Amino acid sequence: GEDFEFLIVGDIDVFSDFDNIMTPNSFEWTKTTKNDWDYYQVEQDEFSYSVEEPGIQMTFNKEILFDKAKKIGDEVIAKINATGQKAELIILDNKKVYRFD
(Lines give C-alpha, C1' and ligand atoms only; values in the text may rest on other atoms or scores of the structure.)
Protein backbone atom coordinates (compact mmCIF):
# COMPACT_ATOMS: atom_id res chain seq x y z
CA GLY A 1 0.00 0.00 0.00
CA GLU A 2 2.97 2.30 0.25
CA ASP A 3 3.44 2.53 -3.53
CA PHE A 4 -0.11 2.18 -4.85
CA GLU A 5 -3.78 2.90 -4.44
CA PHE A 6 -6.79 2.07 -6.56
CA LEU A 7 -9.44 4.15 -8.25
CA ILE A 8 -12.86 2.67 -8.93
CA VAL A 9 -14.47 4.36 -11.90
CA GLY A 10 -17.71 3.99 -13.83
CA ASP A 11 -21.26 5.24 -13.67
CA ILE A 12 -21.91 3.61 -10.32
CA ASP A 13 -24.05 4.14 -7.24
CA VAL A 14 -22.99 1.97 -4.31
CA PHE A 15 -24.10 4.16 -1.44
CA SER A 16 -27.42 2.47 -0.67
CA ASP A 17 -25.60 -0.72 0.43
CA PHE A 18 -21.99 0.52 0.71
CA ASP A 19 -20.60 -1.87 3.34
CA ASN A 20 -22.05 -4.94 1.63
CA ILE A 21 -20.92 -4.00 -1.89
CA MET A 22 -17.55 -2.40 -1.11
CA THR A 23 -16.05 -5.24 0.94
CA PRO A 24 -14.45 -8.51 -0.17
CA ASN A 25 -16.07 -11.94 0.04
CA SER A 26 -12.95 -14.04 0.56
CA PHE A 27 -11.72 -12.19 3.66
CA GLU A 28 -13.41 -11.62 6.98
CA TRP A 29 -13.63 -7.88 7.59
CA THR A 30 -14.63 -5.48 10.33
CA LYS A 31 -15.41 -1.79 10.11
CA THR A 32 -13.79 0.69 12.46
CA THR A 33 -13.84 4.45 12.69
CA LYS A 34 -10.78 6.57 13.43
CA ASN A 35 -10.79 10.37 13.34
CA ASP A 36 -14.30 10.33 11.83
CA TRP A 37 -13.10 8.12 8.94
CA ASP A 38 -14.28 4.56 8.22
CA TYR A 39 -11.67 1.83 7.82
CA TYR A 40 -12.20 -1.78 6.83
CA GLN A 41 -9.93 -4.19 8.69
CA VAL A 42 -8.90 -7.39 6.87
CA GLU A 43 -6.64 -9.54 9.03
CA GLN A 44 -3.70 -7.26 9.98
CA ASP A 45 -4.35 -4.88 7.06
CA GLU A 46 -6.87 -2.15 6.43
CA PHE A 47 -8.28 -0.02 3.64
CA SER A 48 -10.52 3.00 3.32
CA TYR A 49 -12.45 4.88 0.67
CA SER A 50 -12.63 8.48 -0.44
CA VAL A 51 -15.03 9.81 -3.05
CA GLU A 52 -13.04 11.86 -5.55
CA GLU A 53 -14.06 13.59 -8.79
CA PRO A 54 -13.07 10.76 -11.15
CA GLY A 55 -14.38 7.94 -8.91
CA ILE A 56 -13.92 6.24 -5.55
CA GLN A 57 -10.35 6.14 -4.25
CA MET A 58 -9.32 3.03 -2.34
CA THR A 59 -6.25 3.37 -0.12
CA PHE A 60 -4.48 0.74 1.97
CA ASN A 61 -2.10 0.59 4.90
CA LYS A 62 1.52 0.72 3.74
CA GLU A 63 2.34 -2.87 4.81
CA ILE A 64 -0.31 -4.64 2.69
CA LEU A 65 1.00 -6.76 -0.15
CA PHE A 66 -0.10 -5.75 -3.65
CA ASP A 67 -1.56 -9.18 -4.45
CA LYS A 68 -3.82 -9.09 -1.39
CA ALA A 69 -4.95 -5.53 -2.12
CA LYS A 70 -5.59 -6.41 -5.78
CA LYS A 71 -7.68 -9.41 -4.75
CA ILE A 72 -9.78 -7.18 -2.48
CA GLY A 73 -10.15 -4.59 -5.25
CA ASP A 74 -11.10 -7.22 -7.84
CA GLU A 75 -13.73 -8.69 -5.52
CA VAL A 76 -15.23 -5.24 -4.89
CA ILE A 77 -15.39 -4.61 -8.66
CA ALA A 78 -17.08 -8.00 -9.17
CA LYS A 79 -19.67 -7.14 -6.51
CA ILE A 80 -20.38 -3.76 -8.10
CA ASN A 81 -20.72 -5.36 -11.53
CA ALA A 82 -23.02 -8.03 -10.06
CA THR A 83 -25.49 -5.23 -9.25
CA GLY A 84 -25.80 -4.55 -13.00
CA GLN A 85 -23.46 -1.57 -12.95
CA LYS A 86 -20.17 -1.35 -14.82
CA ALA A 87 -17.11 -0.51 -12.72
CA GLU A 88 -13.40 -0.61 -13.49
CA LEU A 89 -10.39 -0.78 -11.18
CA ILE A 90 -7.50 1.52 -12.05
CA ILE A 91 -4.18 0.99 -10.30
CA LEU A 92 -2.43 4.23 -9.38
CA ASP A 93 1.27 4.59 -8.62
CA ASN A 94 1.67 6.82 -5.54
CA LYS A 95 4.88 8.25 -6.94
CA LYS A 96 3.06 9.81 -9.91
CA VAL A 97 0.67 12.72 -10.19
CA TYR A 98 -2.51 12.03 -12.15
CA ARG A 99 -4.83 14.40 -13.89
CA PHE A 100 -8.33 13.39 -14.85
CA ASP A 101 -10.29 15.49 -17.33
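In what follows, every heavy atom counts, from backbone to side chain, and hydrogens, waters and symmetry copies are set aside. None of the values given here were measured: they were computed from a predicted structure.
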> Can you find a pair of side-chain heavy atoms, one from Glu5 and one from Met58, that are under 4.5 Å apart?
Replying inline: no

> Considering residues at least two apart in sequence or located in another chain, which fulfil the ring-ring contact (aromatic ring centres under 6.0 Å, His included) criterion with Phe18?
Replying inline: Phe15, Tyr49

> Heavy-atom distance under 4.5 Å between the side chains of Val76 and Thr23, does that happen here?
Replying inline: no

> When Ile, Leu, Val, Met, Phe, Trp and Tyr are grouped by side-chain heavy atoms lying under 4.5 Å apart, directly or through other members, which residues fall in the same group as Trp37?
Replying inline: Tyr39

> If we only count heavy atoms from C-beta on, is the Asp13 to Gln85 side-chain gap below 4.5 Å?
Replying inline: yes

> Out of curiosity, does Leu65 fall in the hydrophobic cluster containing Ile72 (side-chain heavy atoms, cut-off under 4.5 Å, transitive links)?
Replying inline: no

>> Tell me every residue that passes side-chain hydrogen bond (donor to acceptor under 3.5 Å, both in side chains) with Gln44, counting only those two or more places apart in sequence or in another chain.
In response: none

> What residues form a side-chain hydrogen bond (donor to acceptor under 3.5 Å, both in side chains) with Tyr40, not counting sequence neighbours?
Replying inline: Asp19

>> If I compare all heavy atoms of Ile64 with all of Asn61, which pair ends up nearest, and what's the gap?
In response: CG2-O, 3.2 Å

> Is any side-chain N of the basic residue among Asp74 and Lys70 closer than 4.0 Å to the acidic one's carboxylate O?
Replying inline: yes

> Mind checking whether Val14 and Ile8 have side chains closer than 4.5 Å, heavy atoms only?
Replying inline: no

>> Please give me the minimum heavy-atom distance between Pro54 and Val9, naming the atom from each residue.
In response: O-CG1, 3.3 Å

> ring pair (Phe, Tyr, Trp, His ring centres under 6.0 Å): which pairs involve residues 76-95, sequence neighbours left out?
Replying inline: none

>> Once salt bridge (Lys or Arg N to Asp or Glu O under 4.0 Å) is applied, do any residues pair with Glu46, and if so which ones, sequence neighbours excluded?
In response: Lys34

>> Restricting to side-chain hydrogen bond (donor to acceptor under 3.5 Å, both in side chains), what partner residues turn up for Ser26, sequence neighbours left out?
In response: Glu75

>> List the residues meeting salt bridge (Lys or Arg N to Asp or Glu O under 4.0 Å) with Asp3, not counting sequence neighbours, and say none if there are none.
In response: Lys95

>> Do Ser48 and Asp38 make a side-chain contact, defined as non-hydrogen atoms from C-beta onward lying under 4.5 Å apart?
In response: no

> With sequence neighbours left out, which residue pairs that include part of residues 51-65 fulfil the salt bridge (Lys or Arg N to Asp or Glu O under 4.0 Å) condition?
Replying inline: none

>> In the structure I gave you, are the side-chain heavy atoms of Lys86 and Asp11 within less than 4.5 Å of one another anywhere?
In response: no

> For Lys68, what residues pass the salt bridge (Lys or Arg N to Asp or Glu O under 4.0 Å) criterion, not counting sequence neighbours?
Replying inline: Glu43, Asp45

>> Going by side-chain hydrogen bond (donor to acceptor under 3.5 Å, both in side chains), name the residues that satisfy it together with Glu2, two or more places apart in sequence or in a different chain.
In response: none

>> Would Gln41 and Phe47 count as a side chain to side chain contact (heavy atoms under 4.5 Å, CB included) here? Give the steps.
In response: CA-CA 7 Å; Gln41 189 82 29; Phe47 62 94; over 6 Å; no

>> Is the shortest side-chain heavy-atom distance between Lys79 and Ile77 below 4.5 Å?
In response: no

> Which distance, rounded to the nearest 0.5 Å, do you find between the CD of Glu88 and the CD1 of Ile90?
Replying inline: 5.0 Å

> Of all residues at least two apart in sequence or in a different chain, which pass the salt bridge (Lys or Arg N to Asp or Glu O under 4.0 Å) check with Asp17?
Replying inline: none

>> For Phe60 and Phe6, I'd like to know if the aromatic rings sit close, meaning centre-to-centre distance below 6.0 Å.
In response: yes

>> Between Ile12 and Ile56, does the side chain to side chain contact (heavy atoms under 4.5 Å, CB included) criterion hold? Intermediate values first, please.
In response: CA-CA 10 Å; Ile12 57 173; Ile56 301 172; 4.1 Å; yes

